Amino acid sequence: MQIVVAGQGYVGLPLAVRAAEVGHRVVGYDVDTDRVQQLAAGQSYVRDVDSSRLRAVLDSGAYSATANGAALAGFDIAVITVPTPLRDGVPDLTYIESCARTLGEHLCPGATVVLESTSYPGTTEELLLPILEETSGLKGGADFLAGFSPERIGNKRWSFDGTPKLVSGIDAKSLDVIKGFYDGIFETTVPVSGPKVAELAKLLENTFRFVNISMINEMAMLADALGVNIWEAIDAAATKPFGFTKFTPGPGVGGHCLPVDPMFLSWKAQQELGIPFRFAELAADVNLHMPDYVVRRLVEALNKRGMPVNGSRILLLGLTYKFNATDLRNSPSARVAELLIGLGADVRGAEPNIPDNDDAGLNVPRVDATPEEVAAADAVVLLMDHPRFDLAMIEEHAPYVLDCRNRLSGANVETL
């Protein structure tokens, strides 16, 4: 089939390349011309897609990248994987709206449009469908098909195509076609009764993580005040073989999902039902202030050593928002750095997964985590325990470490 994947980021590019690998003719559409040029040159900027895989589907002719909307004509299935950010707590769906209008101009009878971008329940049927119908002059269900299938990115254990894929449609025929398409890409597809269920399921997945991370972060602050090792308590609780899921504390949450997705549901509940989603709002408040807690702990530790934070040299290790990631979006490291700089500290950052020229507004000098750099710091803060960090070397050379990941030990180490 002729497939369009609109949005060639961390969700869209892996899907586009995989669809090309299984035999479809795929057009990767993105309005970012720099991205398109990189893709056309066979250079992948997404960790889940090696450049060798990208070049293979380019060379075979199964995949092409474009910023030209006219190149989308004649598609059988179009998948929307564009960003859905929050702006001052309000969902910004302008990328979906713009993409829907572009696709609607090329929508033909019998074609299918699938939304993968995360949003509140009702987005597919109440926003996407009317735009497609207005732009194309066709009727959803009667003339074209549509549905929602939430993105799920794999991890170390679960591959992209090995992660079960939720699928839904606006009617039975839409579900049948959408499921058939994803059956050829993913090992397991899980059909649900409609788009609203799939949309809510995605928000439920991430809200579950968000709330539990918030709870364990607050528990870590309480445990420290009580003089109890939270990490030992977590490991002890995790010996229960049922009824407990292990979560660990950290400097806060970041990225494109956890700080954002639960707020979609909170906004929808407030706007449509007039009721607050208190768990999500409380979790957001706790996680938002975790960087403040990290800085407070660091200030207290320096004070105990007779050193003011003003003028102290601080080395932040691991600037991405999660372990071994290549993404700085909404990373708590930015807030940690901002607070320390505001207190007069000399802050430096080491992040081996991100090029030195890509600081996403962190505004701290980038250095390598060498023995000399570690030893020269008055304090080291391990924010993310990337595998490329030499933890034994850090233990040996750092005069003091605030370990936010419970990976280090020794007399010079304190855990969060």
Side-chain angles (χ1 to χ4, degrees), residues 85-86 88-89 206 209-225 230-231 247-263 280-303 308-310 312-323 325 327-351 353-354 359-366 377-386 389 400-408 413-416:
L86 285 176
D88 298 322
N206 281 347
R209 291 177 58 207
F210 188 64
V211 167
N212 278 279
I213 291 171
S214 155
M215 184 273 293
I216 206 66
N217 278 339
E218 191 162 39
M219 189 76 79
M221 290 186 274
L222 177 62
D224 180 65
I230 184 63
W231 301 92
F247 288 84
T248 56
V253 297
H256 39 75
C257 291
L258 282 193
V260 175
D261 294 356
M263 297 301 103
E281 292 166 5
L282 179 60
D285 183 69
V286 171
N287 286 319
L288 180 66
H289 290 95
M290 278 308 293
D292 302 68
Y293 176 70
V294 170
V295 171
R296 178 161 64 83
R297 286 284 304 276
L298 183 60
V299 170
E300 290 173 354
L302 288 171
N303 284 341
V309 68
N310 186 13
S312 291
R313 182 163 166 172
I314 311 296
L315 175 61
L316 305 180
L317 299 180
L319 306 178
T320 60
Y321 78 93
K322 71 176 181 179
F323 173 80
D327 198 335
L328 292 166
R329 283 177 292 176
N330 299 316
S331 175
S333 63
R335 178 61 177 164
V336 171
E338 178 187 9
L339 290 169
L340 289 172
I341 291 170
L343 292 172
D346 175 12
V347 183
R348 303 166 187 223
E351 178 46 71
N353 293 343
I354 302 289
D359 66 1
L362 289 176
N363 296 322
V364 296
R366 295 282 297 281
D378 296 307
V380 173
V381 184
L382 183 64
L383 296 171
M384 287 295 158
D385 51 324
H386 297 322
F389 287 136
Y400 166 77
V401 181
L402 177 58
D403 179 5
C404 299
R405 294 297 166 184
N406 194 37
R407 294 297 307 279
L408 304 172
V413 176
E414 286 184 346
T415 54
L416 191 64

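Quantities reported herein were computed from a predicted structural model and do not represent experimental measurements. Hydrogens, waters and symmetry mates are skipped; everything else that's a heavy atom, side chains included, is used.
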> Side chains of Pro249 and Asn217: closer than 4.5 Å at any heavy-atom pair?
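Pro249 reaches Asn217 side chain to side chain.
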
> Checking the side chain of Arg297 only, and the main-chain atoms of Thr415 only, is there a donor and an acceptor separated by less than 3.5 Å?
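Checked: pair present.
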
> Of all the heavy-atom pairs spanning His289 and Asp285, show the shortest one and how long it is.
ND1-O, 2.8 Å

> So, Asn287 side chain and Gly252 main chain: donor-acceptor pair closer than 3.5 Å or not?
no

> Specify the closest pair of heavy atoms between Phe389 and Met384, including all atoms of both residues, with the distance to one decimal.
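Distance-wise, the nearest heavy atoms are CE1-O, 3.3 Å.
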
> With side chains defined as the heavy atoms from C-beta onward, is the minimum distance between Pro251 and Pro291 less than 4.5 Å?
no

> A quick test of your reading: do over 12 heavy atoms of other residues, nucleotides or ligands sit less than 6.0 Å from CE of Met219?
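No, CE of Met219 has 12 or fewer neighbouring heavy atoms, counting only those of other groups under 6.0 Å.
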
> CG of Leu282 to CD of Glu218: how many Å apart, nearest 0.5 Å?
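It comes to 6.5 Å.
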
> Just wondering, do Arg366 and Leu319 contact through their side chains at under 4.5 Å, heavy atoms?
yes

> Considering only heavy atoms from C-beta outward, does the side chain of Asp346 approach that of Ile314 to under 4.5 Å?
no

> Hey, are the side chains of Tyr293 and Val286 touching, using non-hydrogen atoms and a 4.5 Å cut-off?
no

> For the side chain of Glu414 and the backbone of Ala301, is there at least one donor-acceptor N/O pair under 3.5 Å apart?
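Answer holds: no.
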
> Taking the side chain as C-beta and beyond, is there a heavy-atom pair between Tyr321 and Leu328 under 4.5 Å?
no

> What I want to find out is whether Asp378 reaches Arg313 closely enough, with some N-O distance under 4.0 Å, to be called a salt bridge.
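The answer is no: the pair does not qualify as a salt bridge.
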
> Taking the side chain as every heavy atom from C-beta outward, state whether Leu383 and Cys404 have any pair of such atoms under 4.5 Å apart.
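When only atoms from C-beta onward are counted, Cys404 and Leu383 do touch, with a gap below 4.5 Å.
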
> Can you tell me how far apart CG (Leu339) and CG (Asp292) are? Round to the nearest 0.5 Å.
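If I round to the nearest 0.5 Å, the distance is 5.0 Å.
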
> Where do His386 and Glu351 land on the side-chain contact (heavy atoms from CB on, under 4.5 Å) test, with the steps shown first?
CA-CA 9 Å; His386 297 322; Glu351 178 46 71; 2.9 Å; yes

> Quick one: closest heavy-atom pair of Ile216 and Phe247, and the distance?
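Heavy atoms only, the tightest pair is CG1-O, 3.5 Å.
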
> Between Ser214 (side chain) and Phe210 (backbone), is there a donor-acceptor pair under 3.5 Å?
no

> Rounded to the nearest 0.5 Å, how far does CG of Leu317 lie from CG of Asp385?
10.5 Å

> For Leu316 and Ser333, work out which heavy atoms get closest and say how close.
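Shortest heavy-atom separation between Leu316 and Ser333 comes out as CD1-O, 4.4 Å.
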
> I want to check something: taking the side chain as every heavy atom from C-beta on, are Val381 and Val294 in contact at a cut-off of under 4.5 Å?
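Sidechains of Val294 and Val381: in contact.
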
> Set out, in order, the CA-CA distance, both residues' side-chain angles and the distance that settles side-chain contact (heavy atoms from CB on, under 4.5 Å) for Thr320 and Ser331, then state yes or no.
CA-CA 6 Å; Thr320 60; Ser331 175; 5.6 Å; no

> Looking at CG of Leu298 and CG of Leu416, how far apart are the two atoms once the value is rounded to the nearest 0.5 Å?
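Atom-to-atom, Leu298:CG and Leu416:CG are 11.0 Å apart.
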
> For the residue pair Val211 and Ala283, what are the closest heavy atoms and their distance?
CA-CB, 4.0 Å

> Can Asp403 and Arg405 be counted as an ion pair, charged N to O under 4.0 angstrom?
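A salt bridge is absent here (no side-chain N lies under 4.0 Å from a carboxylate O).
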
> Would you give the length of the straight line joining atom CE of Met290 to atom CE of Met221, rounded to the nearest 0.5 angstrom?
5.0 Å

